[in-house]
Protein chains: 2
Amino acid sequence: MSTPPELSSTSFAVLGLLAIRPWGTYELAKQLDRSLNYFWPRAESKVYEEPKKLVANGYARARRETVGRRARTVYTITPKGRRALATWLALPGSGPALEFEALLKVFFSEHGSRADAAANVATIRDWVERRNAENVGFARSYLGGGGPFPERLAQIVLVGRFLTEFTDMVGRWAEWADGVIADWPDNPAEARPDLSVLHEIAARVLAPTA
Amino acid sequence: MSTPPELSSTSFAVLGLLAIRPWGTYELAKQLDRSLNYFWPRAESKVYEEPKKLVANGYARARRETVGRRARTVYTITPKGRRALATWLALPGSGPALEFEALLKVFFSEHGSRADAAANVATIRDWVERRNAENVGFARSYLGGGGPFPERLAQIVLVGRFLTEFTDMVGRWAEWADGVIADWPDNPAEARPDLSVLHEIAARVLAPTA
DNA sequence: GTTAAGATACTCCCGAAGGGAGGAACATGT
DNA sequence: ACATGTTCCTCCCTTCGGGAGTATCTTAAC
């Protein structure tokens with residue numbers, strides 16, 4: 001009681017899934033990988049630790065089942081867990097954080113060849129195509145009635161739109177960057193900047209600071 | 001020699017800065033925070049460790065200076081370091097990874113109130129405004145000749161455009177989401193999904209898989 | 001001239017997270 | 001009968017985040 005147990009956002013991500021229905025840990029790990037992974041990526045090993053913390057805090061109960069001689073643990077949310085989830089949902093979440101190694105390489109491309117820079121942009125375009133195919137697959141399976149948790153569709157659509165918009169934006173950028181780099185000299189260190197981009201951004205009128 | 005020392009992408013991010021000019025560790029930490037932080041965020045404590053690894057691998061040299069009685073270490077890249085950087089730049093980087101707690105809360109908003117969901121979107125809109133002001137400030141200072149490393153402007157513009165496009169996309173999404181959530185009933189669990197979003201995505205024609 | 005605030009220049013530490021290896025039981029297809 | 005794949009985890013090692021702590025130097029205010 002002296003120091004509060006302090007659950008992480010990852011704990012609440014798992015708790016959010018438990019609020020939908022009870023899950024076995026393995027199922028939970030798969031589901032995390034299929035959905036939350038796109039905007040809250042976590043390692044599989046963590047997913048096996050989190051429910052234990054939830055139980056320790058009284059937010060979930062563990063039920064031990066057996067399939068033949070193999071044990072499995074199914075977790076169920078408690079009323080206290082639902083209250084904790086609601087409390088967490090009412091607190092403001094932090095803004096988007098990006099981690100983008102290919103862009104890091106573009107940033108330092110003056111120390112490599114033009115071909116290296118172009119190859120990194122091509123890698124990004126590949127990523128866009130793969131991700132886009134996944135997005136389209138998701139949308140089609142939901143429209144076909146095949147998606148899990150159709151009762152959650154309003155929330156899923158909100159997040160899904162964010163993710164597709166992100167994919168599209170990366171695609172548009174990569175296409176533009178492709179053209180820009182194609183016009184670079186062989187040595188990217190001698191490339192001339194496209195100042196029109198800066199002018200466009202600089203010309204924006206900012207909202208008065210509150 | 002048996003096991004290669006294996007430098008991380010963060011090591012190369014620091015090495016990339018050293019390829020521009022020599023830096024003191026404190027300067028390095030500040031610079032990381034001002035630039036790379038937007039697409040390769042790392043804790044300050046790491047920034048103090050990385051240059052030591054670079055020196056251990058012969059990619060940089062450390063020079064000890066004193067300002068009065070206070071010591072500081074200035075790091076300089078070596079020719080071997082430049083070669084290593086070029087090798088790393090030629091390898092494909094990984095695609096964008098997102099971490100977005102506020103979106104996580106929107107995803108689970110059925111377990112809270114509509115006001116909670118709206119508040120999270122408002123938080124996101126605040127983030128967009130703050131980030132946009134930073135973007136505009138950057139562009140203006142570069143156009144005014146005040147930005148650091150004008151010789152790197154071609155690369156900076158490429159990355160800068162990505163970051164502003166990302167900010168804009170988040171802003172457009174948040175505005176849309178704001179309207180959607182405003183139409184929800186008090187209990188988000190009873191909200192009807194906007195199926196037109198799914199139809200639009202599902203209707204896309206996919207490029208044939210290579 | 002004194003003093004307080006702020007910038008510089010780090011080190012240390014702990015807990016969270018990443019990520020791969022390993023292993024046992026069950027399910028399937030051939 | 002055998003092999004492959006899926007379920008269902010545990011263990012461990014390393015990296016990372018992030019705050020606390022320490023000390024020195026600079027600047028501007030009083």
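It should be emphasised that the depicted structure is a prediction, and the values quoted were computed from it without experimental measurement. Below, read A as the first sequence line, B as the second, and so on, with proteins coming before strands; counting in each chain starts at 1.
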### Summary
Gln31(A) CD to dC8(D) P, in whole Å, measures 15 Å
### Closest nucleotide among dA7(C), dG17(D), dG18(C) to the Lys46(A) side chain
dG18(C)
### Salt-bridge criterion met for Glu49(B) and Lys52(B) (N-O under 4.0 Å)
no
### Task
Ignoring backbone atoms, establish whether Tyr26(B) has a side-chain N or O less than 4.0 Å from OP1 or OP2 of dA9(C).
no
### Query
What's the CZ-P distance between Arg63(B) and dA9(C), to the nearest Å?
13 Å
### Query
Could you state the CD-P distance from Glu99(B) to dA16(C), rounded to the nearest angstrom?
15 Å
### Integer-rounded Å distance: dA7(C) P and Arg72(B) CZ
17 Å
### Query
Hey, are Lys30(A) and Glu27(A) close enough for a salt bridge, meaning a charged N less than 4.0 Å from a carboxylate O?
no
### Message
What is the separation between atom OH on Tyr75(B) and atom C1' on dC10(C), rounded to the nearest whole Å?
### Response
10 Å
### Task
Take the protein atom CZ of Arg34(B) and the nucleotide atom C1' of dA7(C), then report the distance between them rounded to whole Å.
13 Å
### Task
In whole angstrom, give the distance that lies between atom CG of Leu28(B) and atom P of dC10(C).
10 Å
### SB check Glu165(A) Arg161(A) (cutoff 4.0 Å)
yes
### Query
Are Arg172(B) and Trp176(B) in a cation-pi setup, meaning NZ or CZ lies under 6.0 angstrom from the ring centre and within 45 degrees of the ring axis?
no
### Message
How many whole angstroms separate atom CG of Asp33(B) from atom P of dT8(C)?
### Response
13 Å
## Note on the structure
Thr10(A) has its side chain closest, among dC10(C), dA17(C), dG18(D), to dA17(C)
### Summary
Out of dG17(D), dT6(D), dA9(C), minimum distance to the side chain of Arg70(B) belongs to dA9(C)
### Polar side chain donor-acceptor pair, Thr10(A) to Arg42(A), under 3.5 angstrom
yes
What N/O pairs connect the protein and nucleotides 10-14 of chain D at under 3.5 Å? Give each pair on its own line.
unit_1, atom_1, unit_2, atom_2, d
dT10(D), OP1, Lys52(A), NZ, 3.4
dT10(D), OP2, Lys52(A), NZ, 3.0

### Summary
Against the side chain of Thr25(A), the closest entry in dC9(D), dA17(C), dC10(C) is dC9(D)
#### Entry: Set of residues satisfying salt bridge (charged side-chain N to carboxylate O under 4.0 Å, His left out) with respect to Arg70(A), sequence neighbours excluded
none
### Task
Please answer whether the main-chain N or O of Thr167(B) pairs with a side-chain N or O of Asn132(B) as donor and acceptor at a distance below 3.5 Å.
no
### Query
Distance under 6.0 Å and angle within 45° of the ring axis: does Arg152(A) meet both against Phe107(B)?
yes
### Task
Report yes if at least one side-chain N or O of Thr73(B) is closer than 4.0 Å to OP1 or OP2 of dA9(C); otherwise report no.
no
### Query
Which part of the nucleic acid, if any, lies within contact of Ala71(B), taking any heavy atom under 4.0 Å across all strands shown: a base, the sugar-phosphate backbone alone, or nothing?
sugar-phosphate
### Task
Tell me what Glu50(A) touches on the nucleic acid: a base, only sugar-phosphate, or nothing, going by heavy atoms under 4.0 Å.
sugar-phosphate
### Query
Mapping Arg42(B) and Glu27(A) onto DNA chain D by nearest heavy atom, which one lands closer to the 5' end?
Glu27(A)
### Query
Across the strands shown, which category fits Pro41(A) at heavy-atom distances under 4.0 angstrom: base, sugar-phosphate, nothing?
sugar-phosphate
